[in-house]
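Taking it in order: structure first as structure tokens, then the write-up.
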Amino acid sequence: MKMGNLVRRVRTYQWDDGDHRWLWLLAVNSMIYMASAAFSPYLTLYYKQNGISSLEIGTLMAVGPVVSICIQPLWGVFSDLTGRRKLTLAIVVLGTAATVLGYRFGSGFGFFLVMAILLASFNTSIVPLSDALTLEYANRHSINYARIRIGGTVGYSIVVLAVGGFLKEDPGMAFLLGAAGYVLLFFLVLKIPVEGSSVRHRQKQKKAEASDPGKKKGKIFYDNSYLFVMVCAFVMQVGMNFNSNFMGVYIGEMGYDQGLIGVANFVSAASEIPILLAAGWIMKRFSSMQILLFSCVMMSVRIFLLTGESVGFVVASQLLQSVTYMTMYYSCVMFISRNTYPDKRSQGQSMLAMVQGGFASVAGSMLGGVVTEQLGSRGAYWLMAAVVMAMTAAVAVAYRFYRKKQQPAASSSAAG
């Protein structure tokens, strides 16, 4: 290859004659979780070290999701209406960077309350907006989504293990590292491959919408089967949010520090890798609801394991990240990608984020804060394990009745 051609391709970020632009999506996905890993696992312990009570921690962790219910869907609507998904993602990333850095400059419940509100206004939209862009590109070019998502898992596991040791001397360093990660993510987002102009993109969407007479105005999903998926995601996230928010506090009460928190989160992230490698096979073998109900059951088991109060039980609990969060997340994201209208992809992913990062997170945080204050950490973990299992059983029964009602309708339709 001539030197001129090589220089030209380096300048335009092309490596060879093949289309490797998906690597920018891999880099973006990796940095999203690397930046989050630098500060989010240590946030509740940071609150505790600054004199915040368990009930106040639950309130702080619930306020953000409440705000996200109101704000986060607006970013999805703005992204779909304008067609400027990359620009929207860049804005929320930059806002997140500024907010994370702001945590470094104050303390006290009132200050943390303001910061939690600001963080939720931006940060909760990053993943759904990124997923909408990633899945659109991956589906168009027949790229396995797991190949891109695995970058986030690997990146998170590396950073969360490395950062834990730094924070023993200066816990506030987490916010400097997190802000730096989001600034780097901002520049990576600018290189996301978006095909065609936004005007041409919107024209295609309008033409496709006009050719579908069955579509109702404002409808996001093809049918109502998404309701059970969202309910399962809610149940799962109630347990996940409680575990994520209070595990750091619980580990601190056991007599351990940020080092074990880092190791625990490394184990959980690393456990996702086998699931991502086998994601295609799993999705073909089992339905989304089967995967989601199984994930909810395993979430209950995961919460219960921490009541063993030893390093071994902490590690065992975190290993179940693979069959709780990742199986749930992957099946939900793929279901939404396949069951939403093309011009509603961002809103579909935003709805999932609103259910999980909004309603379920509020329930998990507030309920967790109250029961932890009343029963202590171990008692709270016992109770939340039972609550998640009971909700899962209720959803399974409801879904079974729903399926039975659908079968006669399907049979009569086939006979007609």
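Computed from a prediction, not measured in an experiment: that's the story for all the values here.
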[X] to [Y] - nearest heavy-atom pair and separation:
{"X": "Lys48", "Y": "Ile52", "answer": "CD-O, 3.7 Å"}
{"X": "Val28", "Y": "Leu185", "answer": "O-CD1, 3.6 Å"}
{"X": "Phe112", "Y": "Gly106", "answer": "CE2-O, 4.1 Å"}
{"X": "Phe39", "Y": "Leu119", "answer": "CE1-CD2, 4.2 Å"}
{"X": "Cys232", "Y": "Leu293", "answer": "SG-CD2, 3.8 Å"}
{"X": "Lys86", "Y": "Leu190", "answer": "NZ-O, 3.1 Å"}

Is a donor on one side and an acceptor on the other found under 3.5 Å between the side chain of [X] and the backbone of [Y]?
{"X": "Asn29", "Y": "Leu25", "answer": "no"}
{"X": "Ser125", "Y": "Ser121", "answer": "no"}
{"X": "Ser317", "Y": "Val314", "answer": "no"}

Please identify each residue that fulfils ring pair (Phe, Tyr, Trp, His ring centres under 6.0 Å) with [X], with sequence neighbours left out.
{"X": "Phe294", "value": "none"}
{"X": "Tyr33", "value": "none"}
{"X": "Tyr103", "value": "Phe175"}
{"X": "Phe234", "value": "none"}

So do the side chains of [X] and [Y] get within less than 4.5 Å of each other, counting heavy atoms only?
{"X": "Ile148", "Y": "Trp22", "result": "yes"}
{"X": "Val229", "Y": "Cys332", "result": "yes"}
{"X": "Gln321", "Y": "Met326", "result": "no"}
{"X": "Ile150", "Y": "Leu277", "result": "yes"}
{"X": "Met299", "Y": "Asn243", "result": "yes"}
{"X": "Asn123", "Y": "Thr99", "result": "no"}
{"X": "Leu292", "Y": "Met236", "result": "no"}
{"X": "Val395", "Y": "Cys296", "result": "no"}

Tell me if the aromatic rings of Phe111 and Phe105 count as close, with their centers under 6.0 Å from one another. no
Under the rule for side-chain hydrogen bond (donor to acceptor under 3.5 Å, both in side chains), what residues qualify as partners of [X], not counting sequence neighbours?
{"X": "Tyr329", "answer": "Asp131, Tyr145"}
{"X": "Ser40", "answer": "Ser36"}
{"X": "Tyr325", "answer": "none"}
{"X": "Asn241", "answer": "Asn245, Ser361, Ser365"}

Looking at residues at least two apart in the chain, or sitting in another chain, which of them share a side-chain contact (heavy atoms from CB on, under 4.5 Å) with [X]?
{"X": "Ala27", "answer": "Leu188"}
{"X": "Phe286", "answer": "Trp281, Ile282, Gln290, Ile291"}
{"X": "Leu319", "answer": "Val267, Ser271, Val315"}

Inter-residue atom distance [X].[atom1] - [Y].[atom2], 0.5 Å rounding:
{"X": "Ile91", "Y": "Thr96", "atom1": "CD1", "atom2": "OG1", "value": "11.5 Å"}
{"X": "Tyr156", "Y": "Ser268", "atom1": "OH", "atom2": "OG", "value": "6.0 Å"}
{"X": "Ile158", "Y": "Thr153", "atom1": "CD1", "atom2": "OG1", "value": "11.0 Å"}
{"X": "Leu26", "Y": "Ile143", "atom1": "CG", "atom2": "CD1", "value": "10.5 Å"}
{"X": "Ser130", "Y": "Met31", "atom1": "OG", "atom2": "CE", "value": "12.5 Å"}
{"X": "Phe109", "Y": "Ile57", "atom1": "CZ", "atom2": "CD1", "value": "10.5 Å"}

Run the side chain to side chain contact (heavy atoms under 4.5 Å, CB included) check on Ile273 and Leu276 step by step: do they pass? CA-CA 5 Å; Ile273 296 175; Leu276 284 169; 5.7 Å; no
Give the intermediate values and the outcome of side chain to side chain contact (heavy atoms under 4.5 Å, CB included) for residues Ile126 and Tyr182. CA-CA 10 Å; Ile126 291 178; Tyr182 283 114; 3.8 Å; yes
Between Ile275 and Tyr330, does a side chain to side chain contact (heavy atoms under 4.5 Å, CB included) hold up when you go through it step by step? CA-CA 9 Å; Ile275 292 295; Tyr330 193 90; 5.9 Å; no
Give me each pair satisfying side chain to side chain donor-acceptor pair (under 3.5 Å) with a member in residues 382-396, each pair once, sequence neighbours excluded. none
